[in-house]
Amino acid sequence: MKNRTTLKIEGVGPRQVCVAWVAAVSAAALLTGCGSAVGSDPVGSGGEARPAAALSCPVLDPAVPQAPPTLIDGTPANTPEAQRLSQAIGAQGDGAFADVYSTQITDHPAGRVALCVTDAVRGRLLVEAAHAADPGADPARADVYVSPYSRRTLDAAADKIIALKADFPVYSVSGGHGSSVEVTTSQEGVRSAEFKERLEKAAGGVPVTVRKGEAAQPLVGDMPRSPAP
């Protein structure tokens with residue numbers, strides 16, 4: 001599963017993409033899906049992917065970090081069981097189920113994977129396909145939730161926002177938890193209703209959440225690029 005964060009930085013390339021469990025961002029964020037979930041999860045006894053068709057994709061609060069689910073040789077890590085299932089699910093989400101796949105949270109709660117899709121029935125088929133592709137990935141550890149938008153739809157909306165020439169900077173664009181495109185900008189941009197309206201128009205009607213952010217610093221070795229004419 002790829003946790004996509006898109007950065008638009010003056011003088012740098014228009015996009016950077018991160019893989020959540022490879023990039024060393026923040027141990028707590030990396031391990032818990034960027035924070036703790038708001039709300040509660042369905043609890044079952046296992047057997048198959050637990051349906052949660054009536055429940056929306058968990059909303060994560062990045063300001064509330066959690067302890068890592070486990071330690072491997074003293075290093076914070078995801079639980080092996082959830083990690084394996086998450087990777088198998090992500091492969092299906094990037095492939096045959098890209099039309100419904102939205103996002104996923106590894107170790108939510110510890111040892112389980114929260115899968116968010118636009119169609120709960122196909123979400124359970126996705127989990128079955130993940131198990132078929134990797135029999136060692138336990139489908140009983142998956143919980144299926146519903147999101148209004150697929151990652152494909154949110155990525156397309158994000159691309160349109162990145163291409164927008166606006167009066168305020170766009171520091172980052174991400175798919176959030178499947179219900180909107182999240183944009184970070186300056187404090188002035190957050191206060192501008194017209195700016196948000198332009199973003200949502202560019203996104204083709206997909207809701208846009210605007211938050212204050214900071215301009216990312218270029219990585220060592222990045223070469224500045226001239227603005228497009």
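Numbers here simply count residues along the sequence, with the first being 1. No hydrogens, no waters, no symmetry mates; every other heavy atom, side chains included, goes into these values.
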Taking only residues at least two apart or on different chains, which pairs with a member in residues 102-169 satisfy disulfide bond (SG atoms under 2.5 Å apart)?
Cys57-Cys116
Do Tyr149 and Ser180 touch side chain to side chain, with heavy atoms closer than 4.5 Å?
no
Listed partners of Lys201 passing salt bridge (charged side-chain N to carboxylate O under 4.0 Å, His left out), at least two apart:
none
Taken in chain and number order and not counting sequence neighbours, the residues that satisfy side-chain contact (heavy atoms from CB on, under 4.5 Å) with Lys212 are Gln187, Val190, Glu214
Please identify each residue that fulfils ring-ring contact (aromatic ring centres under 6.0 Å, His included) with Phe97, with sequence neighbours left out.
none
Roughly how far apart are Ser86 OG and Arg112 CZ, rounded to 0.5 Å?
13.0 Å
Return the set of residues passing salt bridge (charged side-chain N to carboxylate O under 4.0 Å, His left out) with Arg152 (not counting sequence neighbours), or none when no residue passes.
none
Can you list every salt bridge (Lys or Arg N to Asp or Glu O under 4.0 Å) pair that touches residues 190-199, not counting sequence neighbours?
none
With distance as the sole test, does Thr184 use its side chain to make a donor-acceptor pair with the main-chain N or O of Ser172 at under 3.5 Å?
yes
Quick one: are His108 and Pro58 in side-chain contact, heavy atoms under 4.5 Å?
yes
Any donor-acceptor N/O pair, Glu200 side chain to Gly205 backbone, under 3.5 Å:
no
With sequence neighbours excluded, tell me which residues meet side-chain contact (heavy atoms from CB on, under 4.5 Å) with Ala157.
Val181, Ala203, Val206
In short, disulfide bond (SG atoms under 2.5 Å apart) pairs touching residues 77-108 with sequence neighbours left out are none
With sequence neighbours left out, the residues meeting side-chain contact (heavy atoms from CB on, under 4.5 Å) with Ala82 are Thr79, Thr106, Asp107, Val113
Please identify each residue that fulfils side chain to side chain donor-acceptor pair (under 3.5 Å) with Ser150, with sequence neighbours left out.
Thr153
Min side-chain heavy-atom separation Val173-Ile162 under 4.5 Å
yes
Okay, side chain of His131, backbone of Ala137: is any donor-acceptor separation there less than 3.5 Å?
yes
For residues 74-85, which residue pairs pass the salt bridge (Lys or Arg N to Asp or Glu O under 4.0 Å) check, not counting sequence neighbours?
Arg84-Asp134
May I ask you to decide if Ile89's main-chain N or O and Gln104's side chain share a donor-acceptor pair within less than 3.5 Å?
no
If you define the side chain from C-beta out and look only at heavy atoms, does anything of Leu115 sit under 4.5 Å from Tyr145?
no
Enumerate the disulfide bond (SG atoms under 2.5 Å apart) contacts for residues 130-168, please, sequence neighbours excluded, ordered by first and then second residue.
none
